[in-house]
Amino acid sequence: MLQRGAAGSRSCALFSLLGALFLQGADIVLPLEIKTDTHVRGYVGEKIKLKCFFTSTSDVTDKLTIDWTYQSSNNRHVESIFHYQSFTYPTTSGRFRDRISWVGNVYKGDASISISNPNTKDNGTFSCAVKNPPDVHHNIPFTELIVTERGFGTMLSSVALLSILVFIPSAVVVVLLLLRMMRKSAGLKKRNKSGYKKSSIEVSDE
């Protein structure tokens, strides 16, 4: 009896070990997968887009829901800032009141939103959750938002880029005009040296 019990225990342990190895080596494929940017950097006063894309094994229906939540960097409290089900329901209270806009398209797997007039107090973690019954199980991605003031270097870079875009075309036009004038002047000098004389028709045209 003891030998049989020991053999049974060994068999159970072996099957458990094989099962664990199988699970570790197998890729778990969820029926609903969500992708977002891990980090997003924005600037004070400039609209920010928070991207969220999903793929589902089921067709999109009016039962599909999207929920965006926010957690401040200085607070553990998680608040809902946007809900979607056939219609959009941005938050009507809190720091994001009247600042959340829907920019997605559920039929293209896009659940993105935007934040207008961002400020440094908006820094924190955002989460996008999508449910498309019967596909309701999915990964939970997070996006860390960092909003900063535009520094002098960033402003200088923007000004420099704008200057280049304006200066280069203008410089090309000026160079072309100068080349044309130089060719015309060289042609006149060549005519004068060769004793060129205007005909009566050219004189009358002038």
Side-chain angles (χ1 to χ4, degrees), residues 23 26-163 165:
L23 289 176
D27 292 330
I28 300 176
V29 179
L30 297 173
L32 184 63
E33 185 178 2
I34 302 175
K35 293 182 179 180
T36 62
D37 292 327
T38 306
H39 301 282
V40 173
R41 178 175 293 276
Y43 299 100
V44 173
E46 300 180 21
K47 183 177 289 188
I48 297 172
K49 183 177 181 180
L50 299 180
K51 298 178 181 179
C52 177
F53 299 98
F54 65 91
T55 55
S56 176
T57 58
S58 303
D59 293 333
V60 172
T61 67
D62 57 0
K63 294 182 180 180
L64 179 142
T65 62
I66 298 170
D67 288 283
W68 277 89
T69 57
Y70 164 77
Q71 182 178 8
S72 172
S73 301
N74 304 319
N75 194 337
R76 293 185 178 181
H77 174 67
V78 178
E79 60 179 295
S80 174
I81 61 172
F82 180 86
H83 176 73
Y84 174 95
Q85 185 172 8
S86 298
F87 298 95
T88 60
Y89 301 94
T91 183
T92 56
S93 61
R95 70 167 71 247
F96 294 102
R97 178 182 178 181
D98 299 328
R99 295 201 291 133
I100 303 294
S101 301
W102 169 249
V103 293
N105 184 334
V106 295
Y107 297 103
K108 293 183 178 180
D110 189 350
S112 305
I113 60 173
S114 66
I115 303 174
S116 59
N117 299 318
N119 56 73
T120 55
K121 294 181 179 180
D122 296 336
N123 289 344
T125 304
F126 294 79
S127 177
C128 173
V130 181
K131 292 184 178 180
N132 184 37
D135 298 346
V136 294
H137 300 289
H138 58 79
N139 58 316
I140 304 176
F142 295 95
T143 298
E144 182 183 2
L145 175 65
I146 301 176
V147 180
T148 59
E149 294 278 359
R150 274 196 178 275
F152 178 75
T154 305
M155 295 177 63
L156 185 62
S157 298
S158 300
V159 172
L161 179 60
L162 182 61
S163 300
L165 292 176

>> Are the side chains of Trp68 and Cys52 in contact, using a 4.5 Å heavy-atom criterion?
In response: yes
> Do Ile140 and Ser127 have side chains that get closer than 4.5 Å, going by heavy atoms?
Replying inline: yes
> Looking only at heavy atoms, what is the nearest atom pair of Asn123 and Ser73, with distance?
Replying inline: O-OG, 3.2 Å
> Where the side chain of Arg150 meets the backbone of Tyr43, is there a donor-acceptor pair that is under 3.5 Å apart?
Replying inline: no
>> Take a 6.0 Å sphere around CG of Asn105 and say whether it holds more than 12 heavy atoms from other residues, nucleotides or ligands.
In response: yes
>> So which atom in Ser56 and which in Leu32 form the shortest heavy-atom distance, rounded to 0.1 Å?
In response: CB-CD1, 3.5 Å
> Given side chains that start at C-beta, do those of Ile81 and Ile113 come closer than 4.5 Å, heavy atoms only?
Replying inline: yes
> For the atom pair CZ (Arg95) and CD1 (Ile115), what is the distance rounded to the nearest 0.5 Å?
Replying inline: 10.5 Å
> How about Thr57 and Asp135: does a side-chain donor come under 3.5 Å of a side-chain acceptor?
Replying inline: yes
>> If I compare all heavy atoms of Thr65 with all of His83, which pair ends up nearest, and what's the gap?
In response: CB-CE1, 4.2 Å
> Between CG of Leu145 and CG of Leu50, what distance do you get to the nearest 0.5 Å?
Replying inline: 6.0 Å
>> Does the plane of the ring in Trp102 sit parallel, tilted or perpendicular to the ring in Tyr84? Use 30° and 60° as the thresholds.
In response: parallel
>> Within the structure provided, determine whether Thr61 and Asn132 are in side-chain contact (heavy-atom separation under 4.5 Å).
In response: yes
> Is there a side-chain contact between Ser116 and Ser101, using heavy atoms and a 4.5 Å cut-off?
Replying inline: no
> Would Asn74 and Ser72 count as having a side-chain donor-acceptor pair, cut-off 3.5 Å?
Replying inline: no
>> In the structure I gave you, are the side-chain heavy atoms of Thr120 and Val44 within less than 4.5 Å of one another anywhere?
In response: yes
> Less than 4.5 Å apart, any side-chain heavy atom of Phe54 and any of Leu64?
Replying inline: yes
> So, for Ser58 and Pro134, which heavy atoms are closest and what is the spacing to 0.1 Å?
Replying inline: OG-CD, 3.5 Å
>> Testing the basics here: between Val40 and Asp37, what is the closest heavy-atom pair and its distance to 0.1 Å?
In response: CG2-CB, 3.8 Å
> Which distance, rounded to the nearest 0.5 Å, do you find between the CG of Asn139 and the NZ of Lys35?
Replying inline: 9.5 Å
> Closest approach of Phe96 and Thr91, non-hydrogen atoms and distance?
Replying inline: O-CG2, 3.7 Å
>> Nearest 0.5 Å, please: how far is NE2 in His77 from CD in Gln71?
In response: 9.5 Å
